[in-house]
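Every number for a ligand or one of its atoms is a count from 1 in the order of the listing.
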Amino acid sequence: MTEKIDIYSLLPEELERYFLSLGEPKYRAKQTFTRLHKGGGIDSLSSLPKALRERLKEKIIDTLPTVEEKLVSKIDGTVKYLFRLFDGSVIESVLMKYQHGNTICISSQVGCYMGCKFCASTIGGKVRDLYPSELLGQIIMAEADSGERISNIVMMGIGEPLDNFDNVIKFLRLVNHPDGLNIGYRHISLSTCGIVPGIYKLSEVDIPITLSISLHASTDEKRSAIMPINNKWKIEELLRACVDYYKVTGRRISFEYTLISGQNDSISDADGLAAILNGAFRNTGAPIHVNLIRVNEVKETGFKRGDTDSVNSFRDRLEKRGITATVRRRLGSDVNAACGQLRRSRMGDENSTVNNDIKVIASF
Ligand code: SAH
């Protein structure tokens with residue numbers, strides 16, 4: 001087994017220690033960090049002596065994803081990337097262009113362990129966690145490929161970010177670093193299916209990102225039927241963790257609610273949702289927000305999408321009960337099949353045997 005340094009996963013202070021271990025001055029760390037994060041690759045490190053660059057190339061593993069396939073929306077320019085990772089796995093990222101800046105939706109794992117019944121990403125289970133460098137790499141490569149600067153990140157792609165907690169936290173520190181991409185925590189949101197201990201841990205690390213909760217139902221019975229995680233942590237515990245997150249961080253919480261025709265999209269479901277949110281957040285002053293999404297149909301799951309009238313009535317009912325709600329605008333509808341479906345269509349081509357004898361060192 002050969003050990004290789006995952007250089008894109010290292011924070012500047014770790015890079016300093018790494019350069020010192022090579023007998024090099026630590027001032028090389030900052031310039032290296034900045035160059036790599038701006039997408040230049042090792043060959044762009046022209047300020048390093050050539051011999052050192054060659055030495056580095058032998059010692060490191062380049063974990064940046066490569067563009068395997070790219071679909072560009074003819075309607076609004078949304079770009080869906082299928083990225084290939086160093087071990088042959090594939091993941092998806094989506095680059096969306098808004099008036100207030102470019103937003104990227106990134107994956108956090110190869111596959112997903114959570115088993116939500118309507119979701120394509122979880123069908124084959126979880127293959128592995130992404131390294132911090134691979135989380136960051138989706139942004140570096142999307143910027144390099146598109147020539148666009150990315151200002152907002154949503155962690156809503158394949159995988160459950162709080163099931164890859166340590167690597168996600170390290171990624172957040174990397175992407176926020178002033179010598180690197182320098183994306184503010186307020187421009188980042190993380191979506192979770194409801195891993196309650198992870199929410200408490202997140203509130204303690206002093207990384208004030210926006211938390212987004214995939215709620216999708218207002219009773220435990222209905223939620224457990226579509227989201228197995230709810231058997232472990234019930235809605236009440238989940239909402240208590242959200243209130244705590246708000247109290248500690250002061251950050252607003254948003255709730256994702258995917259409308260599935262005939263299952264959770266009736267007016268009484270809207271009343272139920274308003275009741276639990278109003279109940280949990282009463283007297284806290286927390287700004288909360290509900291995002292309504294019509295389910296993307298996935299052929300393996302059989303869940304059906306309702307019409308626009310039903311989603312509008314649902315939103316109006318929430319508003320009437322004092323809950324701010326918006327219907328998620330559907331960007332890239334011609335390329336944006338449900339998250340995870342593009343990957344699934346390419347999974348047969350995966351070749352995960354290539355680098356199995358390499359041990360990846362992602363901290364130093
Ligand atoms: N694991 C995290 C983040 C990834 S999923 C989470 O559960 O929040 C991102 C969002 O897409 C979640 O709200 C998820 O429930 C939703 N989603 C998954 N499959 C969907 C589908 N087929 N249609 C609509 N939304 C879906």
Any nitrogen or oxygen of Gly159, main chain or side chain, under 3.5 Å from a nitrogen or oxygen of ligand 1? yes
Counting only nitrogen or oxygen atoms and a 3.5 angstrom limit, does Ser191 reach ligand 1? yes
Hey, is [X] one of the residues with a heavy atom under 4.0 angstrom from ligand 1?
X	value
Ala120	no
Cys112	no
His216	yes

With atoms numbered from 1 as shown, which atoms in ligand 1 lie under 4.0 angstrom from a non-hydrogen atom of [X]?
X	result
Glu256	13 (O)
Val298	22 (N)
Cys193	6 (C), 7 (O), 8 (O)
Val295	21 (C), 22 (N), 23 (N), 24 (C)
Gly157	4 (C)
Cys119	18 (C), 19 (N)
Glu160	1 (N), 2 (C), 6 (C), 7 (O)

Of Phe118, Tyr257, Phe303, which has the heavy atom at the shortest distance from atom 18 (C) of ligand 1? Phe118
Option set Thr301, Ile226, Asn296, criterion heavy-atom distance to atom 23 (N) of ligand 1, minimum: Asn296
Is there a donor in the side chain of [X] and an acceptor in the side chain of [Y], or the other way round, less than 3.5 Å apart?
X	Y	result
Thr324	Glu319	no
Asp6	Thr63	yes
Asn312	Asp309	no

Have a look at ligand 1 and work out which part of Thr258, if any, has a heavy atom under 4.0 Å from it: side chain, backbone, both or neither. side chain
Taking the side chain as every heavy atom from C-beta outward, state whether Glu160 and Tyr113 have any pair of such atoms under 4.5 Å apart. no
Heavy-atom check, side chain of Trp233 versus side chain of Ile195, under 4.5 Å: yes
Sidechain N-carboxylate O distance under 4.0 Å for Glu16, Arg28: no
Answer yes when Asp271 and Arg317 have at least one side-chain N-carboxylate O distance shorter than 4.0 Å, and no when they do not. yes
Side chain to side chain contact (heavy atoms under 4.5 Å, CB included), that's the test. Do Asn291 and Thr326 meet it? Break it down for me. CA-CA 5 Å; Asn291 270 314; Thr326 41; 3.2 Å; yes
Using atom types as modelled and distance alone, determine if a side-chain donor or acceptor of Thr122 lies under 3.5 Å from a backbone N or O of Gly125. no
Tell me whether the centres of the aromatic rings in Phe118 and His216 are closer together than 6.0 Å. yes
